[in-house]
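Everything below concerns the one structure shown next.
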Amino acid sequence: MGSLQTSSDSSSPSSKIHVMAVPLPAQGHMSPVIHLCKLIARDPSFTISLVNVDSLHDEFVKHWVAPAGLEDLRLHSIPYSWKLPRGADAHALGNLAEWFTASARELPGGLEDLIRKLGEEGDPVNCIISDYFCDWTQDVADVFGIPRIILWSGTAGWTSLEYHIPDLLQKNHIFPVGGRDDSVIIDYVRGVKPLRLADVPDYMQGNEVWKEICIKRSPVVKRARWVLVNSFYDLEAPTFDFMASELGPRFIPAGPLFLLDDSRKNVVLRPENEDCLRWMDEQEPGSVLYISFGSIAVLSVEQFEELAGALEASKKPFLWVIRSELVVGGHSNESYDGFCERTKNQGFIVSWAPQLRVLAHPSMGAFLTHCGWNSIQESITHGIPLLGWPYGAEQNTNCKFIVEDWKIGVRFSKTAMQGLIERGEIEDGIRKVMDSEEGKEMKERVENLKILARKAMDKEHGKSFRGLQAFLEDLKALKLHHE
Ligand SMILES: O=c1ccn([C@@H]2O[C@H](COP(=O)(O)OP(=O)(O)O[C@H]3O[C@H](CO)[C@@H](O)[C@H](O)[C@H]3O)[C@@H](O)[C@H]2O)c(=O)[nH]1
């Protein structure tokens, strides 16, 4: 068990409200939690313990720059030898299910020990904020009689789908017994527009282990003191209204959380290549296609080559994030070198980009994304239309929202898991979003959403910002009840 105090502050921490934050140890889930922690830590009433797992802690600390003025943010880690499956391993959804199951088995003991130790040192924990997917933290909170707060790292629509798991199961629409009927339209998930079975989060069609995970965690949401959703009301008003009618007024929009952080930096677990920003400076306004598949998704060699061929044929300036493990089995050096050589005046390749600054750059045109929620919300908040190419998890659902409900992007005929997309189709998609009349309309709509996203975090009137303030006031009352 490791601990790192980010300051030399020795004032009695126990006079403050001690919040323990437990993110799911994965890039896309850590950033929102950390933005929230920074907001809480800026309030002198609080002290924060951020808990990571050993296998990620060292990497995290290596890149962690303690923000000025945030003396009361402390980093801890608890033992967990499992690493989030990466690259080819993540392709097998079963590996991810095992990772979740093992975390529910192994992490509660470590967290309990840490809370006990802090209590013995005179620094008792007053509440736990954790990712929805760490539902085991509710049991730990119960052991100590403290409340748990959920930070939801995706859309409100996704919360409603998770909430309806019992109904989806009862109708045999998820984890179906006797095969699945793809022609089914699901029209009973309240707060969400009707959707095809293929648009229900992928893992809900997974194996028995996934089924067990889903059945167990779906009802736990009802026990949380707050559910803070990293999305904004104007984007998903009917869903927020429905979920708040079920769970109460403490189910609130709280995003886009990254707007809380003026440094425009997300959690960094890999070195960012800033040279791409200088390359972007040389491109025409609105001309660059940015391509990133987030931190987990992977491509087959064949798919990688089709995409490379499409980019080259499109002749668009492109900025492409190619993580070391992006291509399953590795790309062929010969054809990759040839591609790099031929496109050296057209594109720029990095292994990790400063994404928030890339999206804010005036030369940004469109974003080809795997549809992770952070990437989509970051793109919306910068007014950038999308080309959605979902891989797994709930990315297919997000893609449905951007194409059908919000109409700010296009998608291909298949998801990355469903099969190969040929270069012609990719090139058509690029042209549709960047060059067509339809693409212009998408740009206008996403520009409007950008305004609403930013308004949500306005420090005076923003609905998300005000909700977060109400949440902080409620946490302050926790201490009064304990005294
Ligand atoms: O070169 C890069 C690539 C990504 N990012 C950042 O990494 C994050 C990636 O997050 P996201 O787009 O949500 O993708 P994943 O990492 O795949 O996110 C996981 O978590 C999300 C939130 O729950 C889910 O929506 C996804 O399905 C799940 O895979 C974003 O904040 C990006 O800004 C960078 O900073 N630089």
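As the structure lists them, so they are numbered: ligands from 1, and atoms in each ligand from 1. Note: hydrogens, waters and symmetry copies are ignored here, and every other heavy atom, side chains too, is used.
With atom 14 (O) of ligand 1 as the reference point, the heavy atom nearest to it among E378, H370, R270, R357 is part of H370. Of the listed residues (P354, S379, S375, C276), the one carrying the non-hydrogen atom nearest atom 9 (C) of ligand 1 is S375. The closest non-hydrogen atom to atom 6 (C) of ligand 1, taken over Y132, W352, F133, Y290, comes from W352.
Closest approach of T155 to V229, counting heavy atoms only: C-CG1, 4.1 Å. Closest of all the heavy-atom pairs between T381 and A453 is OG1-CB, 3.8 Å. Here the closest heavy-atom approach between residue C371 and residue N398 is recorded as O-ND2, 2.9 Å.
Close contacts of ligand 1 with E394, meaning ligand atoms under 4.0 Å from a residue heavy atom, involve 24 (C), 25 (O), 26 (C), 27 (O). For ligand 1, the atoms sitting less than 4.0 Å from at least one non-hydrogen atom of S292 are 3 (C), numbered in the order shown with element in parentheses. Listed by number with element, the atoms of ligand 1 under 4.0 Å from a non-hydrogen atom of Q395 are 26 (C), 27 (O), 28 (C), 29 (O). Close approach of ligand 1 to A353 (heavy-atom distance below 4.0 Å) involves ligand atoms 1 (O), 2 (C), 34 (C), 35 (O), 36 (N). Taking every heavy atom of A393 and a limit of under 4.0 angstrom, the matching atoms of ligand 1 come to 27 (O).
Under a 4.0 Å heavy-atom criterion, R323 is not in contact with ligand 1. Heavy-atom distances between S31 and ligand 1 stay at or above 4.0 Å for every pair.
In this structure, H164 has its ring center closer than 6.0 angstrom to the ring center of F242. With ring centers used as reference points, W320 lies under 6.0 Å from F304.
Using a 4.5 Å heavy-atom cutoff, the side chains of C127 and R225 are not in contact. With a 4.5 Å cut-off on side-chain heavy atoms, E306 and I421 do not count as touching.
Side-chain contact of S130 with R148: a donor-acceptor pair under 3.5 Å is present, judged by distance alone. Looking only at atom types and distance, the side chain of H173 has no donor-acceptor partner in the side chain of D167 under 3.5 Å away.
Within the 4.0 Å heavy-atom criterion, the part of V321 lying near ligand 1 is the side chain and not the backbone.
Between W158 and ligand 1, a contact under 3.5 Å exists for no N or O pair. In terms of polar-atom proximity, defined here as any N/O pair under 3.5 Å, E272 makes no such contact with ligand 1.
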